[in-house]
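Heads up, the thing below is written out as structure tokens.
Counting starts at 1 for both ligands and their atoms, in listed order. Side chains included, hydrogens not; waters and symmetry mates left out as well; all remaining heavy atoms used.
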Amino acid sequence: MKKQEKIIAMFNEISPSYDKANRILSFGVDISWRQKACKKVLRCFTDNSSLKILDVACGTGDMIEIWQECAKEQNKKIAKIQGIDPSEGMLEVAKSKFKDVDFIQSLATELPQKNNEIDILSISYGIRNVVQRKEALDEFARVLKKDGILLVLEFTKRQKGGIIALLRDFYLKHILPLIGGYISKNKEAYKYLPNSIDGFLSKDEFIKELEKAGFDMMFFESFSFGVSSMFVARKV
Ligand SMILES: C[S@@+](CC[C@H](N)C(=O)[O-])C[C@H]1O[C@@H](n2cnc3c(N)ncnc32)[C@H](O)[C@@H]1O
């Protein structure tokens, strides 16, 4: 099996326990990271138009729920919201939670959307798993409208030391595989998380990739002392 296929197979295996493990392992704090990010992006849309939102690597649909909640709070209309993920298992869980959302099984590198169709494209804790990242960023730029916004939430490789960064890495490498492995009965999958962060980019490296793909960086923010990073970029 190739690397990308292995990653997707792993998410299929852990999909039934993914939500439970996620909430426990993040102490529920990921919800506030997601809310802050979605609110920030929605505030960029000041006119009254209805928004087309696409959540790539949607998994079990966590971002979909937050988009809907935050749009309601800010009185923003959503014309269409779609979730895309290659994992059948993750999508099955997502479909059981939402009735009015379109879920499509696909890779980030093969989006079925037309050119210049989407106002907001989000990908949360997903880009690290995309082996052909450059192709995916090109796809994001293709389907977004001009001035459309890309939101990426991700765990980036740490650039400098500091006690919080060291604690995060200790938690990810030693505690998370134990707890995640126990909940999902799949320790290997939860060893993959810290390894995939190590194999990913630093904040500065990822910003360079976004700019190369045709995006203008608008906001960067790190949450919980650098545990999670938010990138908001505009398609130029
Ligand atoms: C850590 S989960 C994140 C799920 C969800 N976005 C969230 O925030 O909870 C990563 C997701 O990326 C998906 N994924 C892996 N490779 C992908 C690819 N090449 N294209 C799109 N999604 C991919 C997996 O199936 C999985 O659902």
Side-chain angles (χ1 to χ4, degrees), residues 1-26 28-38 53-70 81-98 101 103-113 120-140 142-143 150-156 172 176-177 180 183-184 186 188-197 199-200 223 227-231:
M1 232 195 281
K2 287 192 191 141
K3 187 176 174 192
Q4 184 66 83
E5 288 167 10
K6 275 192 198 160
I7 293 172
I8 297 165
M10 185 200 78
F11 280 106
N12 270 331
E13 280 174 30
I14 61 169
S15 58
S17 57
Y18 180 83
D19 281 350
K20 188 177 167 192
N22 212 13
R23 288 294 96 77
I24 294 173
L25 292 167
S26 73
V29 79
D30 66 299
I31 295 177
S32 77
W33 301 337
R34 294 170 196 273
Q35 286 170 336
K36 277 186 197 159
C38 292
I53 304 180
L54 175 64
D55 187 42
V56 178
C58 67
T60 60
D62 275 4
M63 285 300 273
I64 305 269
E65 198 176 335
I66 309 282
W67 279 124
Q68 290 178 330
E69 216 181 85
C70 295
I81 184 157
Q82 294 176 303
I84 285 202
D85 199 287
S87 158
E88 211 178 330
M90 297 293 266
L91 285 181
E92 224 174 84
V93 180
K95 283 178 191 163
S96 71
K97 296 199 288 194
F98 302 89
V101 179
F103 287 104
I104 304 162
Q105 190 176 2
S106 185
L107 293 160
T109 44
E110 293 168 13
L111 300 179
Q113 281 71 23
I120 299 174
L121 189 152
S122 56
I123 178 161
S124 61
Y125 312 104
I127 195 72
R128 201 181 63 236
N129 302 293
V130 178
V131 174
Q132 291 178 288
R133 191 172 54 245
K134 185 195 171 301
E135 287 78 357
L137 294 180
D138 289 345
E139 266 299 79
F140 299 170
R142 180 185 69 76
V143 302
L150 169 67
L151 164 65
V152 181
L153 284 170
E154 196 46 276
F155 301 115
T156 50
L172 290 174
L176 183 137
I183 298 169
S184 67
N186 188 335
E188 282 315 300
Y190 284 88
K191 274 192 193 156
Y192 162 79
L193 179 70
N195 292 339
S196 66
I197 298 173
F200 189 59
F223 301 129
V227 172
S228 171
S229 300
M230 174 191 81
F231 301 83

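Among residues at least two apart or in separate chains, there is no salt bridge (charged side-chain N to carboxylate O under 4.0 Å, His left out) pair with a member in residues 84-93.
Between the side chain of Asn12 and the main chain of Gly89, a donor-acceptor pair closer than 3.5 Å is present. Without hydrogens or angle criteria, Glu135 side chain to Thr109 main chain gives no donor-acceptor distance under 3.5 Å. Panel note: side chain Lys97, backbone Thr60; a donor-acceptor pair is recorded below 3.5 Å. Between the Gln82 side chain and the Ile104 main chain, no donor and acceptor come within less than 3.5 Å of each other. Arg142 places a side-chain N or O within 3.5 Å of a backbone atom of Gln113 that can act as its donor or acceptor partner.
Atoms of ligand 1 found under 4.0 Å from any heavy atom of Met90 (numbered from 1 in listed order, with element): 27 (O). Taking every heavy atom of Cys58 and a limit of under 4.0 angstrom, the matching atoms of ligand 1 come to 5 (C), 6 (N). Each of the atoms 25 (O) of ligand 1 lies under 4.0 Å from some heavy atom of Ser87. Taking every non-hydrogen atom of Tyr18 and a distance limit under 4.0 Å, the qualifying atoms of ligand 1 come out as 1 (C), 2 (S), 3 (C), 4 (C), 7 (C), 9 (O). Every atom of ligand 1 with a heavy atom of Leu107 under 4.0 Å away is listed here by number and element: 18 (C), 19 (N), 20 (N). Interface of Ser124 with ligand 1, defined as ligand atoms under 4.0 Å from a residue heavy atom, comprises 3 (C), 5 (C), 6 (N), 7 (C), 8 (O).
Here's the thing with Arg34: one of its N/O atoms is less than 3.5 angstrom from an N/O atom of ligand 1. The N/O atoms of Ala108, backbone and side chain alike, include one that comes under 3.5 Å of an N/O atom in ligand 1.
At a 4.0 Å heavy-atom cut-off, ligand 1 touches Tyr125 through backbone and side chain alike. At a heavy-atom cutoff of 4.0 Å, ligand 1 is contacted by no atom of Gln132, backbone or side chain. By the criterion of a heavy-atom distance under 4.0 Å, neither the backbone nor the side chain of Met63 is placed next to ligand 1.
Nearest to atom 6 (N) of ligand 1 among the protein's heavy atoms is Ala57 O, 2.7 Å. Looking only at heavy atoms of the protein, atom 22 (N) of ligand 1 is closest to Pro86 CD, 3.1 Å. Closest protein heavy atom to atom 13 (C) of ligand 1: Asp85 OD2, 3.4 Å. Of the protein's non-hydrogen atoms, the one nearest atom 18 (C) of ligand 1 is Val130 CG2, 3.7 Å. For atom 15 (C) of ligand 1, the nearest non-hydrogen atom of the protein is Asn129 CB, 3.6 Å. The protein heavy-atom contact nearest to atom 19 (N) of ligand 1 is Gln4 OE1, 3.0 Å.
In this view, Glu13 and Asn186 satisfy the side-chain contact (heavy atoms from CB on, under 4.5 Å) rule, not counting sequence neighbours.
Counting only N and O atoms by type, the side chains of Gln35 and Glu69 include a donor and acceptor under 3.5 Å apart.
Looking at Met63 and Cys38, their side chains come closer than 4.5 Å, going by heavy atoms from C-beta outward.
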(Q) As a quick check of understanding, evaluate salt bridge (Lys or Arg N to Asp or Glu O under 4.0 Å) for Asp138 and Lys134, giving each step before the final call. (A) CA-CA 6 Å; Asp138 289 345; Lys134 185 195 171 301; 2.8 Å; yes
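Aromatic ring pairs are classed by plane angle as parallel below 30°, tilted from 30° to 60° and perpendicular above 60°; the pair Trp33 and Phe223 is parallel.
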